[in-house]
Every structure is written in C-alpha cells, then in structure tokens.
**Q** 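Below you will find the structure I want to go over with you.
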Number of protein chains: 2
Amino acid sequence: MDRADFIEQFEQARAAREMLVFFCSCEINYSGRAEAHLPKGDRLIVIKQDGVFLIHQPEKGNPINYLKSGAELALEKFEGHLLLKGKYLPNKEFLDVEIYTIYDLLRRKLEDGQQQTLMGNEADMSDAIRDNPAMIARDFKPVSREEHTKVGFLDVFGHDGKGNLVVVECKRYTAGLSAVSQLHRYVAKIKQLKGTNKVKGVLASPKITSNAEEMLKSYGFEWRHVIPPHRAARHDKKQQSLTNF
Amino acid sequence: MDRADFIEQFEQARAAREMLVFFCSCEINYSGRAEAHLPKGDRLIVIKQDGVFLIHQPEKGNPINYLKSGAELALEKFEGHLLLKGKYLPNKEFLDVEIYTIYDLLRRKLEDGQQQTLMGNEADMSDAIRDNPAMIARDFKPVSREEHTKVGFLDVFGHDGKGNLVVVECKRYTAGLSAVSQLHRYVAKIKQLKGTNKVKGVLASPKITSNAEEMLKSYGFEWRHVIPPHRAARHDKKQQSLTNF
DNA sequence: TACTACATCTCGCAT
DNA sequence: ATGCGAGGTGTAGTA
C-alpha cells in the first residue's frame with residue numbers, strides 16, 4: 001500500500017475513532033517497564049478505538065508488543081519509511097514501530113456495548129461452598145463469603161461446632177504452594193486479630209500438588225476435594241443438584 | 001461480504017496457513033475452563049496460522065474470547081447464518097461463534113521468525129545483585145543465582161560472614177504480601193533441608209507495600225531497596241556503571 | 001492512588 | 001504431562 005494513502009487512512013481512522021488493523025513489515029522498540037527490541041518481520045497491528053495498541057506475530061496467542069487503553073499514537077515520516085510512535089504516559093512507556101511495508105489495511109467503527117456473562121469462576125465456587133457447607137465439614141457454619149477485611153480477602157469464613165474459626169481458601173484448579181502460603185497468611189492474621197489459636201485452615205480445590213499437600217499438613221490445615229460448579233454440572237450429575245440450587 | 005465468498009476465503013486461508021482477520025457482527029459461546037456467553041455485537045476476529053483464535057471487542061486490551069495455539073477450526077452454515085466452531089481438545093474447550101454479518105476481511109501469509117530481545121527482567125536484577133552483593137549486605141557472598149532446587153526457585157542464594165545462609169527474593173516492582181510469603185516459604189524449606197535456623201531472608205525490590213513490610217519484619221526478614229538495572233540506567237548514572245558491567 | 005487477588009491468565013523451564 | 005514461578009502480566013474491586 002502507498003505510504004501517503006496509509007497516512008491518510010491512519011489519520012482518518014484515528015479522527016473517527018475507528019478500529020484500524022493492518023499487516024506490515026516492521027521493526028519494533030519498546031521502552032518502559034523493560035527495554036525490548038524486535039528485528040524486522042511481518043506482523044499484524046491492531047489499533048483500537050480507545051488507543052489500545054497491539055502487535056501480533058503470526059504465531060502464539062499474546063501480542064509481542066502492546067500499549068494499554070489510553071495510549072497516544074502519532075505517525076510520521078522517518079528516513080524514507082514510516083515511524084508509528086505510541087506512548088502511554090502514566091507508566092512512561094514508549095512503543096516505536098518502524099514500518100517498512102504496509103501490505104493491507106482495514107478500518108471500521110465497531111458497535112458493541114455487550115458484556116460477557118461468565119460462570120465457573122472462583123466466586124461461584126465460594127457460593128457453592130456457602131450453600132453447601134457440608135463440603136467443608138459436617139458442622140461448618142459459614143458466616144461470610146468473598147469478604148474484604150483488614151486481614152485480606154477471605155473466600156469463605158465461618159466456624160465449626162467446636163469453637164474453631166474456619167478459613168476456607170478456594171482454587172479453581174490445582175492448588176500449589178502459593179495457595180497454601182496464602183491460606184497460611186490468612187489464618188495467621190485471623191489468629192492475631194481475634195487473639196485466639198483456635199483457627200482452622202481449609203483449602204478447597206479439585207486437585208492439589210503433592211508438595212502443596214505436604215506443606216498443608218505441616219501447618220495442620222486440611223484439603224477438601226471440591227469441583228467448581230460449572231464443571232460439576234458436566235462431570236457429576238449429583239454434584240450439580242447440590243451446587244446449582 | 002457475501003457468505004459464500006467468506007466461506008471460500010476462510011477455507012483458502014486455513015489451507016494455506018495464512019493469517020485471517022475480519023470484522024463481523026457475532027454472538028459467542030465458550031465452554032471449557034468456564035462457561036461464557038457474549039450477546040450479539042461487532043468484533044474483530046483474528047485467526048493465526050497456528051490455530052490461535054482471538055476475538056476482540058472494540059475496546060480494552062485483552063481478547064474477550066480466545067483459544068490457544070493448536071486449536072481446530074471449522075466453518076459451517078447454520079440456520080441462515082454462519083457458525084464458526086473452534087475446539088481445543090487438550091483442555092476440552094469449545095468456542096462457538098455465530099456470525100451474522102461479515103463486514104471486511106484480510107488474509108495473508110506472514111513471514112516472521114524473529115524473537116524479541118528483552119532486558120530489565122527479574123533475571124537481570126538477580127544478575128546485578130550477584131555482581132554487586134554489597135547491595136544486600138557488606139559481607140554477603142552469593143553462591144548461586146536463578147537456581148531450581150527442591151525448595152523452589154531461588155533468585156539469589158548465599159551466606160554472610162557470620163555463618164548465616166541468606167536467601168534473596170527479587171521483585172521488579174512493588175513487593176506485596178505474596179512476595180513475603182514466597183520468601184518465608186523458601187527460608188522455611190532451607191532451614192528444614194539444611195537443619196539449621198541460621199537462615200536470613202532478604203527481599204529486594206524498588207518498593208514494598210506497608211502491609212508487606214510489616215509482615216516481613218514480623219518474620220525477622222529484611223528489605224533492600226534495589227532498582228532493576230534498565231531503570232537504574234535511566235535514573236541513576238552511577239548505578240548504570242555498576243550494573244551494566 | 002495504593003493495595004490485593006483473580007485470570008478461560010499465558011508462557012517458559014525443569015522434572 | 002505436571003509443577004512452579006515470572007510477566008512489560010491485565011483487570012476488577014476496595015480502602
């Protein structure tokens with residue numbers, strides 16, 4: 001594509017707050033949270049209406065370079081080719097793209113005010129536990145869920161019939177060492193805050209690594225095998241009837 | 001764009017392993033690690049040569065829906081419109097896109113074998129500490145760096161002149177509670193493994209949150225103010241001469 | 001703004 | 001394949 005034509009398309013797209021995507025050959029320098037350089041190659045460049053700036057290589061899922069929403073963009077001529085300069089000032093980030101060839105370009109105003117509905121996240125898991133406290137223990141009485149406290153963010157918090165406070169940490173996937181550390185932190189804080197040692201820690205997840213289980217036991221905590229609601233719905237019909245009502 | 005034309009373009013692009021991007025109006029269902037639904041709206045769809053499948057709304061940086069490299073795609077007619085079905089079998093993930101209108105399309109084989117060079121990551125930071133151990137303590141002697149052990153991944157490990165083992169955990173940015181927990185885990189493991197209590201924990205980062213600092217002190221650990229190399233290069237000329245050699 | 005934790009996290013590396 | 005931790009993580013929610 002002709003250089004002057006590209007400049008015009010770029011300016012019009014930005015002025016109209018349209019989405020702009022193009023294939024090009026380019027070389028990239030990033031400076032900000034790190035320093036990075038990517039030699040010349042073919043890429044897809046996406047510029048969104050809100051300033052989001054994405055550069056994708058032909059493989060792999062993540063953009064190789066990017067700036068966040070709110071970035072400012074400027075296109076200028078530079079030593080016989082084009083220089084597309086992006087900056088995101090809040091983080092002092094700069095993304096400079098030397099563009100050698102523009103192959104193809106699309107631009108369009110996209111209309112989309114929709115939000116995704118999602119189920120099966122960690123909040124849904126703590127919901128299920130609150131509604132079926134027997135998952136944790138016969139005598140477990142949850143009193144709060146997803147609560148931000150001075151202690152931190154407790155997934156489920158309650159007590160049992162023996163005068164123990166109970167802290168439950170949920171993980172949607174295999175719980176590892178960091179999950180145990182997190183639980184340990186919460187339990188320690190609760191002990192300190194309430195001035196008691198009668199605090200139990202429970203980790204609820206569909207799976208746990210052997211190292212994590214060992215560490216969990218060394219702290220005197222317990223693990224409960226809990227399958228997140230949406231997966232229970234597909235893998236276990238009985239579980240579904242428990243968790244979805 | 002005409003439906004039959006789109007089908008042909010899609011099939012050709014996939015057969016030739018080209019990158020394919022298009023604007024469309026669509027409705028999306030995802031099932032796999034969670035269950036999600038996104039009502040009809042305008043989006044950018046990107047299909048990469050390796051099967052990466054990205055759907056972007058007109059704002060925000062991350063794709064609203066996606067499948068990873070290796071996904072299989074199939075396009076079929078469905079009740080008067082088109083259905084683009086993606087599946088990623090290793091995780092039993094399914095991404096179905098009902099396409100109502102195709103606005104524009106680009107496809108091209110992109111040639112790019114380049115890799116990004118990056119400096120200023122955590123490894124560079126542990127390098128700098130290894131080369132300037134006085135950053136941690138006058139008498140600190142590093143013996144290893146970036147080492148995978150049974151204990152975990154130790155950024156810098158060494159000893160001081162008083163017979164203490166020293167574990168250093170680096171963070172490129174503000175260290176929070178989880179960084180302290182991580183350090184605590186490493187120190188505990190080292191104590192257990194070496195059968196000694198003479199193990200010191202040091203957290204090195206440019207910043208630390210107040211809660212994290214409090215927790216750090218309660219464990220008897222210490223914090224060192226360390227600026228990652230690439231930022232030191234821009235903010236402190238003296239630091240540059242130390243760290244870049 | 002600072003702080004915290006989730007994420008359909010992704011990715012690389014080592015076992 | 002699993003385990004583990006980094007990431008230019010991004011993003012949401014709260015104090």
**Q** Going by 5.5 Å between centroids and 30° between planes, is there a stack of B/Tyr66 over C/dT8?
**A**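 Whether judged by distance or by angle, B/Tyr66 passes, so it stacks on the base of C/dT8.
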**Q** For D/dG5 versus D/dT9, give the span between their C1' atoms, rounded off to a whole number of Å.
**A**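 So the two C1' atoms sit 13 Å from each other.
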**Q** Which whole number of Å gives the distance between the P atom of C/dT8 and that of C/dT4?
**A**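 About 22 Å, rounded to a whole number of Å.
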**Q** In whole angstrom, give me the gap between the P atoms of C/dA5 and D/dG8.
**A**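 It works out to 22 Å between them.
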**Q** C/dA5 phosphate, OP1 or OP2: any side-chain N/O from A/Tyr186 under 4.0 angstrom?
**A**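 Checking A/Tyr186 against C/dA5: at least one side-chain N or O falls below 4.0 Å of OP1 or OP2.
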**Q** For D/dG10 and A/Tyr88 - does any side-chain N or O of the residue sit under 4.0 Å from the phosphate oxygens OP1/OP2?
**A**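 False: A/Tyr88 side-chain N/O out of range (4.0 Å or more) of D/dG10 OP1/OP2.
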**Q** In whole angstroms, how far is the P atom of D/dG7 from the CD1 atom of A/Ile64?
**A**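 Those two atoms, CD1 and P, are 15 Å apart.
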**Q** Which listed nucleotide (C/dA7, D/dG8, D/dA12) is nearest to the side chain of B/Lys60?
**A**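 My answer, after comparing the listed nucleotides, is D/dA12.
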**Q** Which part of the nucleic acid, if any, lies within contact of B/Ile208, taking any heavy atom under 4.0 Å across all strands shown: a base, the sugar-phosphate backbone alone, or nothing?
**A**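 Nothing: the residue B/Ile208, judged by heavy atoms under 4.0 Å, touches no strand.
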**Q** Can you find a donor-acceptor pair, distance only, under 3.5 Å between A/Asn65 side chain and D/dG8 base?
**A**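 A donor-acceptor contact between them is present.
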**Q** For the pair made of CE in A/Met125 and C1' in C/dA7, what is the distance, rounded to whole Å?
**A**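 In whole Å, C/dA7 C1' and A/Met125 CE are 14 Å from each other.
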**Q** How do B/Ser69 and B/Ala175 order along DNA chain C: which one's closest nucleotide is nearer the 5' end?
**A**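 With B/Ser69 and B/Ala175 compared, the 5'-side residue is B/Ala175.
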**Q** Considering only atom C1', compute the distance from D/dT11 to D/dG7 and round it to an integer number of Å.
**A**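 It comes out at 14 Å once rounded to the nearest Å.
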**Q** On a heavy-atom basis, which atom in A/Leu183 and which in A/Leu203 lie closest, and how many Å separate them?
**A**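 Nearest pair, atom of A/Leu183 first, then A/Leu203: CD2-N, 3.9 Å.
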**Q** Measuring to OP1 and OP2 of C/dA7, would you say a side-chain N or O of A/Lys171 lies under 4.0 angstrom away?
**A**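 Checking A/Lys171 against C/dA7: no side-chain N or O falls below 4.0 Å of OP1 or OP2.
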**Q** Using distance alone, with no hydrogens and no angle criterion, decide if B/Ser69 and B/Asp50 have a side-chain donor and acceptor under 3.5 Å apart.
**A**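 Short answer, yes.
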**Q** NZ of A/Lys68 versus C1' of D/dG10: gap in Å, rounded?
**A**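 After rounding, the reported distance stands at 7 Å.
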**Q** Establish, with yes or no, whether the OP1 or OP2 oxygen of C/dT4 is under 4.0 angstrom from a side-chain nitrogen or oxygen of B/Thr209.
**A**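 For B/Thr209, the contact criterion (side-chain N or O under 4.0 Å from OP1 or OP2 of C/dT4) is met.
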**Q** Rounded to whole angstroms, how far apart are CG on B/Leu118 and P on D/dG7?
**A**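 One finds 9 Å between P of D/dG7 and CG of B/Leu118, rounded.
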**Q** CD of A/Glu147 versus P of C/dC6: gap in Å, rounded?
**A**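 Result: 16 Å.
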**Q** Check for me: is A/Phe153 stacked on C/dT4 by the 5.5 Å centroid and 30° plane-angle rule?
**A**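 Taking the rule of under 5.5 Å and under 30°, the ring of A/Phe153 does not stack on C/dT4.
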**Q** Take the protein atom CG of A/Leu183 and the nucleotide atom P of C/dC6, then report the distance between them rounded to whole Å.
**A**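 About 12 Å, once rounded to whole Å.
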**Q** When you compare the side chains of A/Asn29 and A/Glu35, does any donor N or O come within less than 3.5 Å of an acceptor on the partner?
**A**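 No, because no side-chain N or O of A/Asn29 sits under 3.5 Å from a partner of the opposite role on A/Glu35.
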**Q** Can you spot which of A/Ile208, A/Val180, A/Val202 makes a side chain to side chain contact (heavy atoms under 4.5 Å, CB included) with A/Trp223?
**A**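 Considering A/Ile208, A/Val180, A/Val202, a side chain to side chain contact (heavy atoms under 4.5 Å, CB included) with A/Trp223 is found only for A/Ile208.
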**Q** Closest to the B/Arg172 side chain: D/dT14, D/dT11, D/dG8?
**A**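 Selected nucleotide: D/dG8.
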**Q** Check whether any side-chain N or O of B/Asn62 sits under 4.0 Å from OP1 or OP2 of C/dA7, and answer yes or no.
**A**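 Checking C/dA7 against B/Asn62, no side-chain N or O comes under 4.0 Å of OP1 or OP2.
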**Q** Between atom CG of A/Asp96 and atom CZ of A/Phe78, what is the distance when rounded to the nearest 0.5 Å?
**A**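 Going from CG on A/Asp96 over to CZ on A/Phe78, the span is 9.0 Å.
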**Q** Please give, in whole Å, the distance from D/dA6 P to B/Arg145 CZ?
**A**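 Atom-to-atom, B/Arg145 to D/dA6, this comes out as 13 Å.
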**Q** Does A/Ser178 reach a base, just sugar-phosphate, or nothing at all? Heavy atoms under 4.0 Å.
**A**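 A/Ser178: no heavy atom of the nucleic acid under 4.0 Å.
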**Q** Counting the atoms with a prime plus P, OP1 and OP2 as sugar-phosphate, which does A/Gln116 contact under 4.0 Å by heavy atoms, base, sugar-phosphate, or nothing?
**A**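 Here A/Gln116 touches the bases of the nucleic acid.
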**Q** Are any of B/Gln182's side-chain N or O atoms less than 4.0 Å away from OP1 or OP2 of D/dA6?
**A**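 Checking B/Gln182 against D/dA6: at least one side-chain N or O falls below 4.0 Å of OP1 or OP2.
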**Q** Between D/dT11, D/dG5, D/dG8, which nucleotide gets closest to the side-chain atoms of A/Leu177?
**A**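 Comparing D/dT11, D/dG5, D/dG8 against the side chain of A/Leu177, the answer is D/dG5.
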**Q** Report the residue (B/Ala123 or A/Lys207) whose heavy-atom-nearest nucleotide on DNA chain D is the more 5′ of the two.
**A**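 This one resolves to A/Lys207.
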**Q** So does B/Arg33 get a side-chain nitrogen or oxygen closer than 4.0 Å to the phosphate oxygens (OP1/OP2) of C/dT10?
**A**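 Result: yes.
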**Q** For a quick test of reading the model: is some side-chain N or O of B/Arg185 closer than 4.0 Å to OP1 or OP2 of D/dC4?
**A**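 Checking D/dC4 against B/Arg185, no side-chain N or O comes under 4.0 Å of OP1 or OP2.
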**Q** Looking only at the side chains, is there a donor atom on one of B/Tyr186 and B/Glu169 sitting less than 3.5 Å from an acceptor on the other?
**A**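 No, B/Glu169 and B/Tyr186 have no side-chain donor paired with an acceptor closer than 3.5 Å.
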**Q** Can you tell me if the side-chain N/O atoms of A/Asn211 get under 4.0 Å from OP1 or OP2 in D/dC4?
**A**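 Affirmative; the distance criterion is met.
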**Q** State, with a plain yes or no, whether a side-chain heavy atom of A/Lys85 is found less than 4.5 Å away from one of A/Leu73.
**A**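 No, side chains not in contact.
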**Q** How close or far is atom P of C/dA5 from atom CD of A/Glu122, stated in whole angstroms?
**A**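 Atom CD in A/Glu122 sits about 11 Å away from atom P in C/dA5.
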